[in-house]
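Just below is one structure, and these are the notes that go with it.
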Amino acid sequence: MLADSILEGLNPEQRRAVETTEGPLLVLAGAGSGKTRVLTSRIAYLIGVCGIPAESILGVTFTNKAAGEMRERVEKTLGPSAGGLWLSTFHSMCVRILRRDIGALERSRGFVIYDDADSLGICKQVLKRHGLDPRQYEPKRLRWRIDEWKNQGLLPADAASQAADIDDELSAELYGTYQRLLFDANALDFGDLLLQTVELFKRAPQVLDWYQRRWQYVLVDEYQDTNRVQYQLVRMLAASHGNLCVVGDPDQSVYAWRGADIRNILDFEEDYPNAKVIKLERNYRSTQPILSGATAVVENNLGRKKKNMFTEREGGELIHFFEAENEREEASFVVGRILHASRNEGRSLGEFAILYRTNSQSRAFEEELLKYDLPYVVVGGVRFYERAEIKDILCYLRLLVNPDDAQALSRIVNKPARGIGKTTLERVEALAAEREISLRAALGAFAREGAARRTAGKIREFLDLLQDLDRFAERPVDEIIAEVLERSGYMKALVAEDNPDAEVRIDNLRELVASAEDFHAVNTGSEGEERSELELYLDQVALISDLDSYEHKPQSVSLMTAHSAKGLEYGVVFLVGMEEGVFPHANSSYDEERLEEERRLCYVGMTRAMEQLFLTCARERRRFGSHSYQSPSRFLREVPEELMQVQHSPGRGQRSSRTRASRRTREDRLDRSYSQETHDEEGGIQRGTRVRHSVFGLGTIEGVSGEGVNQKLKIKFDRAGIKTVMVRYANLELA
DNA sequence: GACGCCGGGTTTTTT
DNA sequence: ACCCGGCGTC
């Protein structure tokens, strides 16, 4: 009965992938082949049909979002019997393991997780301690090198023994110092979460044994994106029983730059000799021209495992191609098509996605969407938890959990300004290094011994503040944050700034408090946890990505990089910026392997489309503030001509007939309309002014930012709430 | 120690 | 064009 309902609607290959429960299994799942469905059905089958307890199953994905969706779908099929199932990302799985068992490595379970910025800060410290000039040996390069080693599963000693030249030897030594500083701060960086878990399993076999017994069935999603450490981790976990199911698509491997090793999936059959292989080649997503076009592109990669993808969605529109004069025209074309299709084809805005190679490309499209008041969501870019003000407050919180957190301490020691500046901090850091004590201890010591009376007083005040805050550590997180904002004087200092920029930051902090309230509300159920709410909160924010919080809004256009779009699908996709140097990216254009990765990324982008796919490029584009002229992407030439249909600029003649002169008039016209609009608003713009917006109605100006044509207004509308609009597009009237 | 100006790098993709 | 860090001035 249950078996039937789980297997119902699966094609023979999918069904086989679900029913082959024992032993190593590789599922090669092409784009749109129902991979997630297979994974969730398989889990449901293991629990509901084979009678495997949910807690014996481990499912690993790359994003929290994917894990959450999978859990949701399994629970829908099975109800409460899915409880105890472990579905998580590699990173959060490792955090949970380490929180429980890192004691076996003689480390404290109360470690904090360092993000990229913290790691970079440590790198700077390392260079300082080795007396190296950061201009000569760049902190970023060191950070990158260390990350690379960690992705390969190498500790400082391994790195040193493999060093090929003097430069590598030095770097390996710096890596050693880096690890010591992390250790002293009781911190682990992203790479450590994986690396130290492998290390734990190596050094404490009884711990590994415990997890091997616990998880009798291991599933890994997006296996083509695993790096060497993740590979080792999976191998260790599945070693005793071999019940390992990995799902992936070599054609969608786009994270080699982050250490992903495509060999992991290509060599699976060698690594696990009795492995079974199932290919899912039937595409349920895209129409024929889209699938054929995308496949034609990726077939230009050499050394690729051949797949024969097919779709039953015969017919369908050809792939549309549009070449714009510049990025403004490109954006205007895309948004024009969205307007047209949403009005005439009855599509909701949520069915459209604009995909690009780099985050910086979002801007032109955002401005154009703003112009027509079309709601949109940008995924990625500057992440919420990385904004300066948010990080500041999180650093205060981190210090409540881990007083040794040197990065957190040095970040907030003078935020808000409290008279403990750079010079003092440098002296304290030197003292900490010299006596091998924590930064916090060094602060105290400096106040007692080295500091001028004035400075000593300020340091004491600061240390008192931290101590004062400590008593809130066990309270709900939103309350702790509120206390920090209040008692540190952080909020007061921001309010005193009294400018639109500070107001945005205040809003962000309010949002932080609100999201912490949510966390508290959701989290109150899990009482039995021995870890405090604050600790759980910090773990979560450290591992959350922008993509995780991306909710598909049915009434908003989605904007994101092709990388972020992996695993998602949309009715209409615009893959924009198809120019040499942009896509493929200039940095990847001269290396065959990297170029192939760009090509796979193009394949990923194209296969996100279900019914309509638009490829666009611009002849001219502003980059780094100056003009650049690029030829159309080579990937465009790789799409068979008969699958493409050239679009022409709306309201204008054929491309060939367009002359410089006619373009000139157009630009003149645009220029005129801008200056006119700006002129209309002159003198009327300031806080408190009442204005009327054609869509949002009456509102009060709350803030002004930007200059000239880029001037933006933050307006509190009586009915529509607070919105930021660009003056030149908003069509405002004084009310 | 705070503030402001200047110069250089930046935009590759992110758990 | 923008952001950040470094350096000089107050």
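First the proteins, then the strands, lettered A, B, ... as listed; each starts at 1.
Applying the salt bridge (Lys or Arg N to Asp or Glu O under 4.0 Å) criterion to Glu199(A), with sequence neighbours excluded, gives Arg203(A). Contacts of Arg143(A) classified as salt bridge (Lys or Arg N to Asp or Glu O under 4.0 Å), with partners at least two apart in sequence or in another chain: Asp116(A), Asp147(A). For Lys35(A), the salt bridge (Lys or Arg N to Asp or Glu O under 4.0 Å) partners are Asp221(A), Glu222(A), not counting sequence neighbours. Here Glu69(A) pairs with Lys65(A) under the salt bridge (Lys or Arg N to Asp or Glu O under 4.0 Å) rule; sequence neighbours left out. For Leu463(A), the side chain to side chain contact (heavy atoms under 4.5 Å, CB included) partners are Arg440(A), Leu443(A), Ile459(A), not counting sequence neighbours.
Bounding nucleotides for the chain A contact on DNA chain B, 5' to 3', at a heavy-atom distance below 4.0 Å, are dG1(B) to dT15(B).
Take the nearest nucleotide of DNA chain B for His585(A) and for Asp147(A): the residue whose nucleotide is more 5' is His585(A). Nearer the 5' end of DNA chain B, as judged by each residue's closest nucleotide, is the contact made by Gly421(A), out of Gly421(A) and Gln230(A).
No engagement by Asp225(A) is indicated, since no non-hydrogen atom pair under 4.0 Å with the nucleic acid exists. Across all strands shown, Arg600(A) has no heavy atoms under 4.0 Å from either base or sugar-phosphate atoms. The residue Asn359(A) sits close only to the backbone: its heavy atoms come under 4.0 Å of sugar-phosphate atoms, none of a base. Contacts of Thr423(A) with the nucleic acid, taken as non-hydrogen atoms under 4.0 Å apart, involve only primed sugar atoms and P, OP1 or OP2. Note on Phe62(A): only backbone sugar-phosphate atoms sit closer than 4.0 angstrom, heavy atoms only; bases stay farther off. Residue Thr424(A) is in sugar-phosphate contact alone, with no base atom involved, counting any heavy-atom pair closer than 4.0 Å across all strands shown. Here Ala417(A) lies in heavy-atom contact (under 4.0 Å) with sugar-phosphate atoms only.
Identified under the side chain to side chain donor-acceptor pair (under 3.5 Å) test for residues 120-129 of chain A, with sequence neighbours left out: Gln125(A)-Glu429(A). Listed by first then second residue, pairs satisfying salt bridge (charged side-chain N to carboxylate O under 4.0 Å, His left out) with a partner in residues 586-596 of chain A number zero, not counting sequence neighbours.
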Summary of protein contacts for nucleotides 3-10 of chain C, nucleotide by nucleotide, where a base hit scores B, a sugar-phosphate-only hit scores S (4.0 Å, heavy atoms): ----S---
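The existence of a salt bridge linking Asp118(A) and Lys391(A) is confirmed by a sub-4.0 Å separation between a basic side-chain nitrogen and an acidic carboxylate oxygen. Ion pairing of Lys458(A) with Glu461(A) is absent here, as no side-chain N (NZ or NE/NH1/NH2) approaches a carboxylate O to less than 4.0 Å.
Rounded to a whole angstrom, the distance from the P atom of dC4(C) to that of dT13(B) is 15 Å.
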